[in-house]
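Below: one structure, written as structure tokens.
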Amino acid sequence: MAEQPLLTPFHSDKLNLRNRVVMAPMTRSRADNPGAVPNDLMVTYYDQRASAGLIVTEGTYVNREAAGYINVPGIYTPEQVAGWQKITSAQHQLGGKMFVQLWHVGRMSHPDLLDGALPLAPSALNPHEKVYTPTGFKDTVTPRAMTLEEIKYTVADFATAAKNALAAGFDGMEVHAANGYLFQQFFNGTSNHRTDAYGGSIENHARILFDVLDAIKAAGVDLGKVGVRLNPSLEGPFGTKMDEQTIPTFDYIVKRLNDYNLAYLHLCEPFTDVSKVPFAEPHIAKHYRPMYQGTLIINAGMTQEKGNQVIADGDADLVAFGTLFISNPDLVERFAQNAPLAPSDKDTYYVPGAKGYTDYPKLNA
């Protein structure tokens, strides 16, 4: 291949990237300390992958109540901010660009992860899934429906987390509104049975996302440093079920995001086969590219060939790769050389320590 589209620079009024390869956010569960503080092992992990045009970090909790997995870092204490500062400083010395993904799991949690408290969610509806707790997998419980006051302070905590992200040296932040977590629980009628300002109509289902973006802007953060991640045709994982209002809700969200002048919109293609799901949109990039006027990232199941084709076809500006970056820290260099890709060890995705985390060799090591 001559010049691969993935390896060409990308320039917008908000992003200047040396290539179009994005490292997707991936939970790796290495912040194994009581304060959920990013550590030196994580510095090494991200350093090894600094040749990506943009790194989006693992999901990072905006407050204590956001937790749904063990050993995941936060960005709500001074110690956590200081831990991230080590990572961003090292990244910038290597010429890398880095956004932190701001996360709240909503009902996908368990009292064992929340000091005995029930998870918070739009409605008291159990997703009937499994959650990994300090003592192993446990069944989810029925969460507690958030009060309006709890929604208000959760919105405020996202804004504080955005300010903390800048204090930690990040180039920007991504609001995780995908994959069946808190925001998507509000978006979907099967997980949101509210009858107040956050339920019922499409506008009400989407309200919390725009509340968060408005709060981030009011906190003095430039929305040109903010991305949003969505997964419109999620069906099955984390108890998520689509209905006739799901895609119209995402259509409304995507169109309205044009008014926010964001750094980017990060979309996921379906995680599962949705060809027989009556309410699903099977071709996310092609469906939403005409609707969204800004920078578009596409993710899920991408290969080098698919990624180059997506950009060549104009369906996205940037392509995010997840699993391939686990075992190929030098993924960009491997693409450039059309080199073989190393397989990853799923048994070490979420366990503490360097094994399966920072011990994958680079091609020319």
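Model, not experiment: these values are computed from the prediction.
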### Message
Other residues, nucleotides and ligands only: do more than 12 of their heavy atoms fall within 6.0 Å of OH on Y260?
### Response
yes

### Query
Quick one: does R207's side chain have a donor or acceptor within less than 3.5 Å of a partner on A197's backbone?
yes

### Query
Between K286 and D315, is the closest basic N to carboxylate O distance under 4.0 Å?
yes

### Message
As a test of understanding, state which of R107, Q185, E65 forms a side-chain contact (heavy atoms from CB on, under 4.5 Å) with L120.
### Response
E65

### Query
Should K86 and D40 count as an ion pair when the cut-off is N to O under 4.0 Å?
yes

### Step-by-step side-chain contact (heavy atoms from CB on, under 4.5 Å) determination, Q184 to F250
CA-CA 10 Å; Q184 192 148 18; F250 282 100; 3.6 Å; yes

### Message
Before you tell me yes or no, could you show the steps for T8 and R20 under side-chain hydrogen bond (donor to acceptor under 3.5 Å, both in side chains), namely the whole-Å CA-CA distance, both residues' side-chain angles and the distance that decides it to 0.1 Å?
### Response
CA-CA 6 Å; T8 59; R20 297 168 187 256; 2.9 Å; yes

### Message
I'd like to know whether T154 forms a side-chain contact (heavy atoms from CB on, under 4.5 Å) with L182, so could you lay out the CA-CA distance, the side-chain angles of the two residues, the decisive distance to 0.1 Å, and finally the verdict.
### Response
CA-CA 10 Å; T154 300; L182 182 68; 4.1 Å; yes

### Message
With a 3.5 Å distance limit and no angle check, can you tell me whether E281 reaches the backbone of H283 through a side-chain donor-acceptor pair?
### Response
yes

### Query
Is it true that F335 and F321 have ring centroids separated by less than 6.0 Å?
yes

### T88, L15, L17 screened by side-chain contact (heavy atoms from CB on, under 4.5 Å) with K97, the one that passes
L17

### Query
Shared ILVMFWY cluster between V212 and V226, side chains joined below 4.5 angstrom?
yes

### Task
State whether the side chain of T272 and the backbone N or O of E235 hold a donor-acceptor pair below 3.5 Å, judged by distance alone.
yes

### Task
Measure the acute angle between the ring planes of F210 and Y252, then classify it against the limits of 30° and 60° as parallel, tilted or perpendicular.
perpendicular

### Query
Is it true that R64 and D115 make a salt bridge, defined as a side-chain N closer than 4.0 Å to a carboxylate O?
yes

### Task
Output, in order, the C-alpha distance, side-chain angles, deciding distance and verdict of side-chain contact (heavy atoms from CB on, under 4.5 Å) for I247 and M242.
CA-CA 8 Å; I247 292 300; M242 302 182 70; 3.8 Å; yes

### Message
I'd like to know whether NZ of K225 has more than 12 heavy-atom contacts from other residues, nucleotides or ligands below 6.0 angstrom.
### Response
no

### Query
Between the side chain of H205 and the main-chain N/O of F187, is any donor-acceptor distance below 3.5 Å?
yes

### Message
Below 30° counts as parallel, above 60° as perpendicular, anything between as tilted: where do the rings of Y45 and Y357 land?
### Response
parallel

### Query
Do N179 and C268 have side chains that get closer than 4.5 Å, going by heavy atoms?
yes

### Task
Begin with the C-alpha distance, continue with both residues' side-chain angles, and end with the deciding distance and a verdict on side-chain contact (heavy atoms from CB on, under 4.5 Å) for V319 and V21.
CA-CA 6 Å; V319 178; V21 177; over 6 Å; no

#### Entry: E58 side chain to T27 backbone, donor-acceptor under 3.5 Å
no

### Query
If you take all heavy atoms of Y349 and R30, which pair is closest and at what distance?
O-NH1, 2.8 Å

### Query
Heavy-atom count around H193 NE2 within 6.0 Å, excluding the residue itself: above 12?
yes

